[in-house]
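Whatever order the structure lists them in is the order used to number ligands and atoms, beginning at 1. In what follows, every heavy atom counts, from backbone to side chain, and hydrogens, waters and symmetry copies are set aside.
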Amino acid sequence: NKQVILKNYVTGGLPKESDMEVRESSILLKLPEGTRDAILLKNLYLSCDPYMRNRMKKAETSSYVDSFQTGSPIIGYGVAKVLDSTHPDFKNGDLVWGITGWEEYSLIIAPDRLFKIQHTDVPLSYYTGLLGMAGMTAYAGFYEVCSPKKGEYVYISAASGAVGQLVGQFAKLLGCYVVGSAGSKEKVELLKNKFGFDAAFNYKEEPDLDAALKRYFPDGIDIYFENVGGKMLDAVLLNMRIHGRIAACGMISQYNNEQPEAVHNLMHIVAKRVRMEGFLVGDFYHLYPKFLEMVIPCIKEGKITYVEDIAEGLESAPAALIGLFTGRNVGKQLVVLSHD
Ligand code: NDP
């Protein structure tokens with residue numbers, strides 16, 4: 001059973017491939033006798049997600065996620081096939097998505113976040129992103145947190161990624177004016193030509209983010225879907241409209257910093273009566289059936305599209321994960337281990 005192990009905790013800075021190791025485990029995986037609620041999985045696709053960076057840090061009280069265990073396989077979202085089960089809800093051959101290990105096979109006892117896949121007439125890999133955690137994040141963040149209305153001005157950072165590309169498409173379906181930023185020409189083209197954003201820009205080529213936002217939003221921003229934090233958040237705060245909303249989804253520009261960057265323009269929240277609300281997707285999984293009901297027909301009718309960046313094999317997983325923090329991924333980053 002090949003596995004990706006976290007070798008050591010990474011406090012500050014970009015993680016390196018050498019912080020992880022691909023190794024062969026000789027432990028035979030089989031269901032423990034007499035244990036109910038155990039399942040043996042064959043992992044098919046693994047999801048690379050920015051929050052995993054926080055799990056690579058040594059436990060601190062301020063973090064909302066537990067640290068990974070050094071010397072053990074990395075844990076994350078994935079898509080898998082059930083090979084054996086003593087769990088009443090899962091049987092051999094079932095396809096599932098949810099929390100699994102970065103390894104070829106995983107033994108899971110009492111799974112608490114594993115969803116049975118019901119719709120198999122869409123690409124299975126979508127359950128690492130569009131139909132999985134990232135999709136639910138976009139859905140909950142946009143519809144539940146942003147309180148969006150038709151015609152509003154919406155801005156999304158890290159807009160071409162797993163979450164951002166969907167938020168933009170949801171906002172367009174509702175009839176909003178949508179602008180996204182991303183870190184390369186290729187990504188900006190995708191935003192405009194593939195995802196239907198009204199406009200998009202490369203934030204790396206903008207020496208003055210405030211001026212850039214004023215160019216795209218001369219009347220200000222109603223909704224900011226926050227994925228990056230830092231300087232971008234500061235510039236956005238200068239451009240919010242009265243009663244604007246900021247959904248604080250993530251702040252990836254800060255995840256490798258030992259000390260978080262200061263935000264200077266918070267007073268604008270008061271003056272503009274802005275509501276800024278953080279959220280975690282984990283609080284919204286009860287909406288998953290409703291989400292599928294909306295999204296599956298949209299996929300089939302071509303109203304929603306999804307771009308994936310697919311790395312091949314467990315050996316490529318460490319670099320794929322690190323690539324999230326340099327913007328190497330174009331679309332949802334996942335790793336394929338096996339197609340069936
Ligand atoms: P993406 O697919 O968007 O990948 C990450 C992207 O972030 C990179 O491709 C890069 O794009 C951008 N990025 C990396 N470093 C920086 C930086 N220093 N400054 C600005 N941009 C940077 O990831 P996801 O869509 O999966 O996640 C997006 C955000 O949503 C993250 O902040 C994540 O933590 C958060 N999240 C929150 C959840 C919740 O429950 N609240 C659940 C899931 C995700 P580019 O080339 O454009 O710079």
Looking at residues at least two apart in the chain, or sitting in another chain, which of them share a side chain to side chain donor-acceptor pair (under 3.5 Å) with Asp89?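 None.
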
Return all side-chain donor-acceptor pairs below 3.5 angstrom for residues 28-40, not counting sequence neighbours, or 'none' if the list is empty.
from  : atom 1 : to    : atom 2 : distance (Å)
Thr35 : OG1    : Pro32 : O      : 3.3

Contact list for residues 113-122, test salt bridge (Lys or Arg N to Asp or Glu O under 4.0 Å), sequence neighbours left out: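 Passing the test, one end in residues 113-122: Asp94-Lys116, Asp121-Lys300.
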
Residues around ligand 1, heavy atom under 4.0 Å from any ligand atom, sorted by chain and number. Can you pull those?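 Only Pro50, Met133, Thr137, Ala158, Gly161, Ala162, Val163, Ala182, Gly183, Lys187, Tyr203, Asn227, Val228, Cys249, Gly250, Met251, Ile252, Ser253, Tyr255, Phe279, Leu280, Val281, Leu324, Phe325, Gly327, Asn329 have heavy atoms that fall under 4.0 Å of ligand 1, ordered by chain and number.
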
Can you label the angle between the Tyr288 ring and the Tyr285 ring as parallel, tilted or perpendicular, going by 30° and 60°?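 The rings of Tyr288 and Tyr285 stand perpendicular, inter-plane angle above 60°.
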
Any donor-acceptor pair under 3.5 Å linking the side-chain atoms of Ser184 with those of Asn202?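 No, no side-chain donor-acceptor contact under 3.5 Å.
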
Is the distance between the ring centroids of Tyr216 and Phe201 less than 6.0 Å?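 Ring centroids of Tyr216 and Phe201 are less than 6.0 Å from each other.
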
